[in-house]
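Predicted, not measured: the structure shown is a model, and the values here were computed from it. As the structure lists them, so they are numbered: ligands from 1, and atoms in each ligand from 1.
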Amino acid sequence: MTGSVESYMRRCTLCPRNCGADRMAGRMGYCGAPARITAARAALHMWEEPCISGEKGSGAVFFSGCSLGCVYCQNYRISGGSLGKEISEEQLCEIFLRLQDEDGAANINLVTAGHYVPQICLALERARSRGLSIPVVYNSSGYEKPQTLQMLDGLVDIYLPDFKYMDGGLAKAFSKAPDYPERAMEALACMVRQAPVCRFDADGYMTAGVIVRHLILPGHVKNSKAVLSYLYETYGDSIYISIMNQYTPVADFPDHPELNRKVTEREYERVLDYALSIGIENAFIQEGDTASESFIPPFDCQGV
Ligand code: SF4
């Protein structure tokens with residue numbers, strides 16, 4: 001981190017939106033985040049990949065606001081930024097330590113944290129000096145700037161980014177981010193540079209590395225294949241890929257009627273068959289009827 005938290009908040013360019021919002025003056029940019037850390041939940045989360053949640057649970061801190069803002073957002077209750085509780089860096093540090101020492105979390109899981117990276121760095125540094133020793137997971141939409149991710153170098157052990165689109169048209173239509181493919185490629189390259197080797201402990205929990213998630217969207221198998229192809233051609237077996245079929249419609253989408261349904265079994269099979277056919281082995285897949293809202297926890301400020 002080259003400047004103070006205030007300097008980053010004074011003219012915010014933390015994410016590819018580059019709003020320049022003066023968050024210190026109470027203005028909000030595209031992400032809807034104020035200058036102070038705002039979080040809607042800090043508790044054990046059991047629904048991440050098995051090597052992240054395991055039986056202990058992942059110590060997930062869900063931050064409010066989001067710089068991507070997909071129309072189909074599964075966490076729409078908090079992504080707008082208005083729901084949540086403001087906390088200081090010291091309070092966030094104490095939350096990290098409580099998740100480790102009292103709740104027995106396998107890791108600290110920073111969910112959609114990109115718009116608070118400078119504050120989170122301070123909280124993590126403080127927590128490390130006070131005994132935080134479990135891995136730190138950075139759980140992201142993938143729409144990030146390398147300059148911001150660079151601040152996390154040495155503080156984050158595991159990157160867990162989405163890679164949503166290779167099709168800029170879809171990224172524009174669903175997330176108002178036609179540059180998503182390029183930004184996500186740059187961000188992922190930075191993450192892999194910081195965590196180039198996947199490591200696991202004796203109990204199967206991941207301790208370092210990168211898992212890229214891809215949420216299949218109904219009606220868009222072609223986009224999914226393009227994403228998987230890019231990931232495997234670029235990174236081979238050095239990363240893990242999590243292929244997710246849990247898309248759940250959260251609203252009515254008159255402009256995108258295909259989003260009004262879940263992913264069919266046939267669509268999921270086509271994507272999995274493709275993954276196998278190109279040689280992907282380091283993959284997590286979801287079994288059975290996982291397309292349910294049970295993955296979405298209550299955002300009631302528990303633990304914040
Ligand atoms: S983090 Fe928020 S305020 Fe900052 S540039 Fe991105 S969208 Fe704008």
Side-chain angles (χ1 to χ4, degrees), residues 1-41 61-89 92 109-124 136-153 155-156 159-165 168 170-191 194 299 304:
M1 220 162 98
T2 53
S4 64
V5 167
E6 287 75 14
S7 65
Y8 288 104
M9 294 297 106
R10 193 58 79 187
R11 190 179 170 282
C12 183
T13 55
L14 287 175
C15 85
R17 300 286 181 192
N18 288 318
C19 302
D22 185 351
R23 293 167 58 179
M24 290 303 289
R27 302 213 173 78
M28 285 176 189
Y30 187 96
C31 63
R36 270 167 67 86
I37 304 162
T38 307
R41 183 177 170 87
V61 183
F62 289 86
F63 295 94
S64 306
C66 178
S67 60
L68 191 55
C70 308
V71 293
Y72 52 80
C73 180
Q74 308 289 284
N75 288 343
Y76 67 95
R77 292 184 189 92
I78 59 168
S79 58
S82 55
L83 188 75
K85 189 171 154 195
E86 287 194 10
I87 52 173
S88 66
E89 288 90 0
L92 184 59
N109 185 351
L110 308 167
V111 185
T112 318
H115 37 289
Y116 298 115
V117 164
Q119 297 90 324
I120 286 169
C121 287
L122 289 185
L124 280 175
V136 173
V137 182
Y138 187 80
N139 187 331
S140 152
S141 70
Y143 193 57
E144 303 266 6
K145 277 170 75 169
Q147 298 91 322
T148 302
L149 293 171
Q150 219 40 58
M151 295 183 216
L152 296 163
D153 195 2
L155 292 170
V156 163
Y159 280 98
L160 188 56
D162 295 337
F163 203 115
K164 294 172 183 290
Y165 317 106
L170 280 189
K172 183 178 178 194
F174 296 162
S175 305
K176 293 198 180 80
D179 59 343
Y180 181 94
E182 293 78 21
R183 300 293 83 77
M185 285 182 210
E186 290 168 0
L188 180 56
C190 183
M191 294 173 186
Q194 289 184 32
F299 295 118
V304 180

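- Atom 8 (Fe) of ligand 1 has Cys19 SG, 2.4 Å as its closest protein atom, hydrogens excluded (heavy atom only).
- With respect to Tyr8, the side chain to side chain contact (heavy atoms under 4.5 Å, CB included) criterion is satisfied by exactly one of His115, Gln119, Met151: Met151.
- Residue contact annotation: Cys12 places no N/O/S atom under 2.8 Å from atom 2 (Fe) of ligand 1.
- Among the atoms of Cys15, no N, O or S atom is found under 2.8 Å from atom 8 (Fe) of ligand 1.
- Applying side-chain hydrogen bond (donor to acceptor under 3.5 Å, both in side chains) to Ser175 and the options Tyr180, Tyr143, Tyr165 leaves one that passes, Tyr165.
- Not one N or O on the side chain of Lys164 forms a donor-acceptor pair closer than 3.5 Å with the backbone of Leu170.
- Residues Glu144 and Tyr138 bring a donor and an acceptor atom of their side chains to less than 3.5 Å of each other.
- Counting protein heavy atoms only, atom 2 (Fe) of ligand 1 is closest to Cys31 SG, 2.3 Å.
- One N or O on the side chain of Arg23 and one on the backbone of Pro34 form a donor-acceptor pair closer than 3.5 Å.
- Close contacts between ligand 1 and Asn18 involve ligand atoms 5 (S) [criterion: under 4.0 Å to a heavy atom].
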